[in-house]
Novice: 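Take this structure first; my questions come after.
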Amino acid sequence: MSDLNDAHPIALPEKPALEGLESKWDSRWEAEGTYRFDRTRARHEIYSIDTPPPTVSGSLHVGHVFSYTHTDVIARFQRMRGKVVFYPMGWDDNGLPTERRVQNYYGVRCDPSLPYVPEFAPPDKPERPISISRPNFIELCNRLTVEDEKVFEQLWRHLGLSVDWSMTYATIDRGAQRASQTAFLRLLQRGQAYQLEAPTLWDVDFRSAVAQAELEDRDREGAYHRLRFARGPSSPGFVEIETTRPELIPACVALVAHPDDERYQPLFGTEVITPLFGVPVPVKAHALADPEKGSGIAMICTFGDLTDVTWWRELSLPVRAVIQPNGAFRPVAWGDRGWETTDAPRAQAAYDQLAGLSPEKARSRIVQLLRESGDLIGDPRPITHPVKFFEKGDRPLEIITSRQWFIKTTEFREAMLERGRELKWHPDYMRHRLENWVNGLSGDWCVSRQRFFGVPFPVWYPVGADGVVDYSRPLLPDEAALPIDPSTDVPTGYTASQRDVPNGFSGDPDIMDTWATSSLTPQITGRWLDDPDLFGRVFPMDLRPQAHDIIRTWLFSTVLRAHLEHDSLPWSNAAISGWVLDPDRKKMSKSKGNVVTPMALLEKHGSDGVRYWAASGRPGADTAFEENQMKVGRRLAMKLLNAARFALGATEPRGAIVEPLDRGMLTSLSALVEDATRHLDAYDYTRALEQTERFFWSFCDFYLELVKSRRYGDFGPEGAASANSAMLVALSTLLRLFAPYLPFVTEEVWSWWRPGSVHRSPWPVPGEVVAAIAGGDRQSAVVMEHAERALGDVRRIKALQKKPVKAVIARAVLPMALQPLMPAARDFQAAAHIRELAFEDIEEIRLDFAEESDAA
RNA sequence: GGGCGCGUGGCUCAGCGGUAGAGCAUCCGCUUCACACGCGGGGGGUCGAUGGUUCGAUUCCAUCCGCGCCCACCA
């Protein structure tokens with residue numbers, strides 16, 4: 001491997017320092033192409049990484065630095081093991097956050113119905129937002145994100161990510177759009193994507209459908225309202241139900257109770273009358289109704305929650321929708337030409353007070369009406385209950401019937417579970433998150449969004465002579481034409497003038513869910529369609545690094561897409577990183593105002609120091625933000641500089657490694673190499689670092705101190721030669737073991753005496769470390785162990801007696817148990833400043849101090 | 001309600017069947033020829049609780065308590 005007997009010039013700095021190493025080495029690495037990917041290599045020589053693209057419209061925070069460092073450690077390790085590492089960087093600029101930022105920054109709004117304007121330039125300061133076409137809007141998004149991406153790249157470089165910066169991608173770029181649209185068309189051809197008009201979870205502020213994966217529950221104040229429904233004419237009296245959403249009474253289509261509930265069995269098959277609106281609705285039986293909840297009988301509305309949707313579907317009930325896409329109650333006409341009721345004027349009068357209101361306002365209004373009519377029994381009972389929200393939204397989700405695109409998921413449940421078992425998880429227990437999610441899937445994946453900045457669906461529809469759009473016969477482009485934007489491009493056989501007119505065509509107005517694109521990152525980075533040769537060399541990839549909170553979204557959807565498109569896993573390993581927790585054990589996030597600027601941290605502690613802290617967070621473990629750990633990392637880096645300066649201060653003479661301490665040190669170093677390699681292979685970078693670090697400190701505190709005197713030539717040239725030769729092997733090995741964690745300081749030291757980059761040198765193997773001592777020397781390892789223990793004992797006694805470290809001991813008597821150190825007695829006596837050494841059958845060490853302290 | 005993870009010295013964390021470890025903090029000492037961005041040393045814990053298995057448990061099993069996260073059809 002590295003031949004340390006080469007004559008090489010050694011250039012030691014007078015006073016080594018960490019300052020400035022980041023920019024020095026970043027530019028050197030860039031100039032020398034240190035991390036350049038070599039695409040001529042075969043698949044088995046390549047280690048490919050499906051890098052998560054950070055959202056560029058936000059800012060990088062400590063959590064990014066943390067998890068990206070983990071990936072970089074793995075990447076550097078694999079590179080040194082001889083793999084060509086495919087390590088691109090992506091930017092997630094697709095989606096809502098960018099859309100909002102561009103709207104504010106340029107003062108524009110997107111209107112997909114407008115035609116593209118070439119050479120469009122946004123006005124300097126528009127008085128009001130101007131409307132522009134979707135392609136123009138996307139151009140502006142691209143323009144702005146380019147600026148954001150520069151800032152990101154600068155930070156990543158400063159942190160020392162060994163990314164090949166000639167390979168970057170963006171989730172809205174042409175390649176991403178082409179991959180997304182092509183994959184979508186193929187899903188469609190295979191019958192794995194479909195379009196459906198159905199009740200869908202809907203955010204009333206974004207005015208878009210959202211997917212199950214984007215939901216979160218939030219606890220909200222609410223109240224149970226006990227209401228009475230009049231029984232039909234045949235059996236006078238009332239039925240009482242409880243609801244948290246009384247405003248949906250006009251949307252009520254039935255009552256439901258459990259089939260075994262004897263209280264309500266007599267009512268099944270009969271009709272009751274809704275309060276205020278006088279609508280006769282049937283009483284139904286369904287097993288989902290819980291006799292324990294409320295009064296045991298519930299009202300079914302279209303639609304108050306997902307259970308309503310189930311009941312509505314399974315009981316074949318009609319639709320009475322009252323909430324519009326913007327969340328307001330829509331106008332409804334009761335009576336002869338409108339909705340069914342027994343009392344049209346009364347129903348209309350009641351409803352008129354709700355029309356146009358938000359659900360929240362409608363609720364308080366209807367409670368008043370119910371009180372007045374006497375249909376509210378008692379006072380509402382306040383409760384706190386979980387309510388579904390879009391994770392980025394501010395108001396509770398509604399369920400709106402609309403036409404949406406879906407990708408089939410539920411019929412692949414078993415396949416997904418099997419893929420989850422096939423995937424190697426780090427840590428393994430994260431697999432449960434995926435299983436949990438897959439088992440809880442309640443419907444197919446809704447992938448269409450009624451937004452603008454995203455990948456459009458590559459679909460048009462014919463418009464009939466009557467002007468009605470025929471969704472059942474979509475017009476599809478050729479794959480070769482992709483990507484297209486149906487809001488400006490024209491389907492084959494039509495002209496632009498036929499857009500949205502009878503006998504013409506109409507473009508699908510929607511864009512894809514951001515995860516519908518992100519789920520193809522392996523295909524996008526591997527240039528699936530544009531460069532099949534490259535794709536074959538990197539896919540399926542080796543590693544997906546990501547955080548645990550997006551297992552249900554990013555990880556799940558990527559596995560699904562690869563399964564459907566390639567019948568394989570997208571990667572063989574998933575390394576799940578935890579979060580960075582602030583001192584209050586909460587996730588660090590911008591909204592909590594506790595985020596520290598990453599660049600400031602890197603400058604304060606040095607990138608190596610910060611990386612050291614990051615690497616102390618085990619895979620999957622949430623980790624405390626600890627500046628102390630960064631200081632420790634920085635200290636370690638300093639120690640490396642100084643230890644190296646010592647080792648390289650005098651490298652001659654050199655020769656056979658014959659001294660027991662030198663042989664013992666190398667023997668345990670080779671064991672360390674074996675352990676560290678095993679742990680890194682298993683993605684346990686933390687343990688590998690811990691062990692390397694422990695060895696290194698002991699190496700400095702004991703080994704270097706013990707051999708110092710001999711190394712300076714006090715016992716002749718052979719002894720010095722043995723020490724020098726051993727130290728060079730140790731330094732070379734330790735630098736390489738630390739290189740994935742502390743890329744800057746290790747490269748700096750490497751440059752003092754070795755050619756090339758430490759990051760391109762081969763990872764050490766146990767055999768090379770002990771090559772010069774015939775494969776290891778256990779006996780000498782025992783000698784070293786006893787010498788270290790004895791030196792520790794002497795130090796303790798000196799410290800307790802408050803003697804200087806250099807205090808000379810005229811005679812030392814050691815317990816017989818330490819006698820195995822004898823082969824290294826010379827080194828030991830020199831390090832401990834002992835003139836005469838003896839062993840007796842005693843428990844405690846005995847020291848007779850000499851008068852002078854500097855006679856050594 | 002289900003699942004997962006975690007509870008070890010003041011703090012951050014290792015250990016995981018054989019009478020407790022590290023770093024930081026704290027205290028004491030040292031201008032030692034690689035390093036004062038340093039070196040050496042001391043003190044400090046009945047390993048969340050209770051049972052069980054075992055010759056022996058912080059380590060295995062069960063139950064419970066606390067913290068966190070994920071998931072759930074939440075009228």
Side-chain angles (χ1 to χ4, degrees), chain A residues 12 15-19 217 219-220 222 224-225 241-245 248 255-257 288-290 293-301 304-311 383 385-388 427 429-442 548-549 551-552 578-579 581 583 585-587 606 609 613 616-618 620-629 631-632 634-649 686-687 690-691 693-694 697 700-701 704-705 708 712 791-792 794-807 831 833 853-854 856:
Chain A
L12 290 188
K15 183 86 177 164
L18 298 172
E19 283 69 25
D217 285 350
D219 278 333
R220 286 294 118 116
Y224 279 124
H225 303 75
I241 63 111
E242 290 206 336
T243 178
T244 55
R245 301 203 59 181
L248 292 180
L255 296 191
V256 64
L288 229 47
D290 183 354
K293 221 169 254 174
S295 60
I297 185 165
M299 85 175 171
I300 303 174
C301 306
D305 61 29
L306 290 173
T307 318
D308 280 344
V309 178
T310 305
W311 280 326
I383 54 160
H385 63 150
V387 177
K388 287 196 189 308
Y429 61 75
M430 285 295 176
R431 185 193 320 272
H432 297 290
R433 302 265 180 121
L434 180 70
E435 290 175 352
N436 241 334
W437 173 249
V438 170
N439 285 325
L441 281 174
S442 62
H548 52 59
D549 55 334
I551 288 174
R552 67 171 178 172
W579 284 338
L581 304 178
R585 308 258 80 193
K586 297 283 181 223
K587 181 190 178 187
W613 159 75
S616 72
R618 321 190 80 81
D622 292 346
T623 300
F625 177 73
E626 263 283 346
E627 288 201 65
N628 259 335
Q629 280 297 104
K631 289 183 187 151
V632 172
R634 188 186 158 79
R635 199 165 304 170
L636 173 63
M638 275 306 298
K639 193 75 175 174
L640 264 169
L641 285 180
N642 285 307
R645 213 165 76 91
F646 172 73
L648 299 174
T686 300
R687 189 179 296 250
E690 264 170 23
Q691 295 190 344
E693 191 192 5
R694 191 182 317 130
W697 282 109
C700 292
D701 295 345
L704 290 184
E705 294 299 331
K708 195 175 270 180
Y712 281 128
L791 180 60
V794 172
R795 281 173 175 166
R796 175 157 30 81
I797 290 167
K798 284 185 175 176
L800 289 174
Q801 297 191 12
K802 302 202 193 300
K803 300 273 187 187
V805 181
K806 275 169 72 174
H833 304 276
S853 61
D854 58 351

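Residue numbers start from 1 in every chain, and the chains themselves are labelled A, B, ... in the order their sequence lines are given, proteins ahead of strands.
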Novice: With a 4.0 Å cut-off on heavy atoms, is A/N439 in touch with a base, just the backbone sugar-phosphate, or nothing at all?
Specialist: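 No contact.
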Novice: What nucleotide, of B/rG40, B/rA75, B/rA14, holds the atom closest to the side chain of A/E690?
Specialist: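 For the A/E690 side chain, the nearest candidate turns out to be B/rA14.
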Novice: So what does A/A289 hit on the nucleic acid, given a heavy-atom distance under 4.0 Å: a base, only sugar-phosphate, or nothing?
Specialist: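 Contact class for A/A289: base.
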Novice: Would you say A/S442's side chain and A/G440's backbone share a donor-acceptor pair under 3.5 angstrom?
Specialist: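 Here the side-chain-to-backbone pair does not exist.
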Novice: Take nucleotides 22-28 of chain B nucleotide by nucleotide from the 5' end and write B, S or -, depending on whether a protein heavy atom sits under 4.0 Å from the base, only from the sugar-phosphate, or from neither.
Specialist: -SS---S
Novice: How far, in whole Å, is B/rU53 from B/rC69 if one measures between their P atoms?
Specialist: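 These two P atoms come out 38 Å apart once rounded.
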Novice: Below 4.5 Å, heavy atoms only, C-beta onward: do A/K639 and A/C700 meet side chain to side chain?
Specialist: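 A/K639 vs A/C700: side chains touch.
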Novice: Run the salt bridge (charged side-chain N to carboxylate O under 4.0 Å, His left out) check on A/E19 and A/R634 step by step: do they pass?
Specialist: CA-CA 11 Å; A/E19 283 69 25; A/R634 188 186 158 79; 2.7 Å; yes
Novice: For B/rC37, give its Watson-Crick or G-U wobble partner with both distances under 3.5 Å, or none.
Specialist: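 Looking at the geometry, B/rC37 pairs with no nucleotide.
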Novice: Can you check the distance between B/rG56 and B/rA20, where both ends of the measurement are the C1' atom (answer in whole Å)?
Specialist: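 Result for the C1' pair: 16 Å, nearest Å.
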Novice: For B/rU53, which nucleotide is its Watson-Crick or G-U wobble mate, given both distances must be under 3.5 Å?
Specialist: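 Base partner found: none.
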Novice: Hey, does A/Q801 have a side-chain heavy atom less than 4.5 Å from the side chain of A/I797?
Specialist: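 Yes, side chains in contact.
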Novice: Quote, to the nearest angstrom, the P distance that separates B/rC35 from B/rG48.
Specialist: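 Comparing P positions in B/rC35 and B/rG48 gives a spacing of 44 Å.
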Novice: For B/rA75, give the paired nucleotide (Watson-Crick: N1-N3 plus N6-O4 or O6-N4; G-U: N1-O2 and O6-N3; both under 3.5 Å), or none.
Specialist: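 With both distances under 3.5 Å required, B/rA75 matches none.
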Novice: Determine, for A/E435 against A/R552, whether the closest basic-nitrogen to carboxylate-oxygen distance falls under 4.0 angstrom.
Specialist: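 Salt bridge absent between A/E435 and A/R552.
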Novice: Mind listing the N/O atom pairs, protein and nucleotides 71-74 of chain B, below 3.5 Å?
Specialist:
from: B/rC71; atom 1: OP1; to: A/R552; atom 2: NE; distance (Å): 2.7
from: B/rC71; atom 1: OP1; to: A/R552; atom 2: NH1; distance (Å): 2.7
from: B/rA72; atom 1: OP1; to: A/Q212; atom 2: NE2; distance (Å): 2.9
from: B/rC73; atom 1: O2'; to: A/T307; atom 2: OG1; distance (Å): 2.8
from: B/rC74; atom 1: O5'; to: A/K293; atom 2: NZ; distance (Å): 2.8
from: B/rC74; atom 1: O2; to: A/P386; atom 2: O; distance (Å): 3.0
from: B/rC74; atom 1: N4; to: A/D217; atom 2: OD1; distance (Å): 3.3
from: B/rC74; atom 1: N4; to: A/K388; atom 2: NZ; distance (Å): 2.1

Novice: Return the 5'-most residue of the pair A/T244, A/A621 with respect to RNA chain B, ranking by each residue's nearest nucleotide.
Specialist: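 The 5'-side residue here is A/A621.
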Novice: May I ask you to verify if any side-chain N or O of A/R431 is less than 4.0 angstrom from the OP1 or OP2 atom of B/rG3?
Specialist: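 The answer is no; no side-chain N or O of A/R431 sits under 4.0 Å from OP1 or OP2.
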Novice: Is A/R618 salt-bridged to A/E690, cutoff N-O under 4.0 Å?
Specialist: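 Judged by the 4.0 Å cut-off on N to carboxylate O distance, A/R618 and A/E690 do form a salt bridge.
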Novice: Could you check whether A/W697 gets within reach of a base, just the sugar-phosphate, or nothing at all, counting any heavy atom under 4.0 Å?
Specialist: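 If one applies the 4.0 Å heavy-atom cut-off, A/W697 turns out to touch the sugar-phosphate alone, with no base involved.
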Novice: Which residue lies toward the 5' end of RNA chain B, A/M430 or A/K708, if each is placed at its nearest nucleotide?
Specialist: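 Comparing both residues, the 5'-ward one is A/M430.
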Novice: Classify the nucleic acid contact of A/C700 as base, sugar-phosphate or nothing, counting any heavy atom under 4.0 Å across all strands shown.
Specialist: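 Base contact - A/C700 has a heavy atom under 4.0 Å of at least one base atom.
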Novice: Looking only at non-hydrogen atoms, find the nearest pair between A/P16 and A/N642 and report the distance.
Specialist: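 That would be CG-OD1, 3.9 Å.
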Novice: So what's B/rA22 paired with, Watson-Crick or G-U wobble, going by both distances under 3.5 Å?
Specialist: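 Paired with B/rA22, as far as the under-3.5 Å criterion goes, is B/rU12.
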Novice: Using atom C1' in both nucleotides, what's the gap between B/rU19 and B/rG45 to the nearest angstrom?
Specialist: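 These two C1' atoms come out 15 Å apart once rounded.
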Novice: Report the base-pairing partner of B/rU32 (Watson-Crick or G-U wobble, both distances below 3.5 angstrom), or none.
Specialist: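 Pairing partner, where one exists within any strand: none, as none qualifies.
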Novice: Using modelled atom types and a 3.5 Å cut-off, is there a donor and acceptor pairing between side-chain atoms of A/K798 and backbone atoms of A/K803?
Specialist: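 No; judged by distance alone, with no hydrogens or angles, the pair does not exist.
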Novice: When you get a sec, tell me which of B/rG42, B/rG15, B/rC70 is the closest nucleotide to the side chain of A/W579?
Specialist: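 The closest nucleotide is B/rC70.
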Novice: Quick check for you: to the nearest 0.5 Å, what is the distance between A/L255 atom CG and A/I297 atom CD1?
Specialist: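 Result: 5.0 Å between the selected atoms.
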Novice: If the C1' atom of B/rG68 is compared with that of B/rA62, how far apart are they to the nearest Å?
Specialist: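 Comparing C1' positions in B/rG68 and B/rA62 gives a spacing of 23 Å.
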Novice: Under a 3.5 Å cut-off for both contacts, is B/rU46 paired Watson-Crick or G-U wobble with anything, and if yes, with which nucleotide?
Specialist: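 Here B/rU46 is not engaged in any pair, so there is no nucleotide opposite it.
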Novice: Compare side-chain N and O positions of A/R687 against OP1 and OP2 of B/rA14 and report whether any pair is under 4.0 Å apart.
Specialist: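 Looking at the OP1 and OP2 atoms of B/rA14, neither is under 4.0 Å from any side-chain N or O of A/R687.
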Novice: Does the ring of A/Y224 carry A/K293 above it, NZ/CZ under 6.0 angstrom from centre and within 45° of its axis?
Specialist: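 Output no; distance or angle outside limits.
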Novice: Nearest to the side chain of A/R634, which nucleotide is it out of B/rU32, B/rC35, B/rC37?
Specialist: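 Side chain of A/R634 sits closest to B/rC37.
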Novice: Taking only side-chain N and O atoms of A/K15, does any of them lie within less than 4.0 angstrom of OP1 or OP2 on B/rA36?
Specialist: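 Answer is yes, contact under 4.0 Å.
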Novice: So what does A/E435 touch, heavy atoms closer than 4.0 Å: a base, only the sugar-phosphate, or nothing?
Specialist: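 A/E435: no heavy atom of the nucleic acid under 4.0 Å.
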Novice: Under 3.5 Å, is there a donor-acceptor pair between the side chain of A/H833 and the main chain of A/A807?
Specialist: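 No, A/H833 side chain to A/A807 backbone: no donor-acceptor pair under 3.5 Å.
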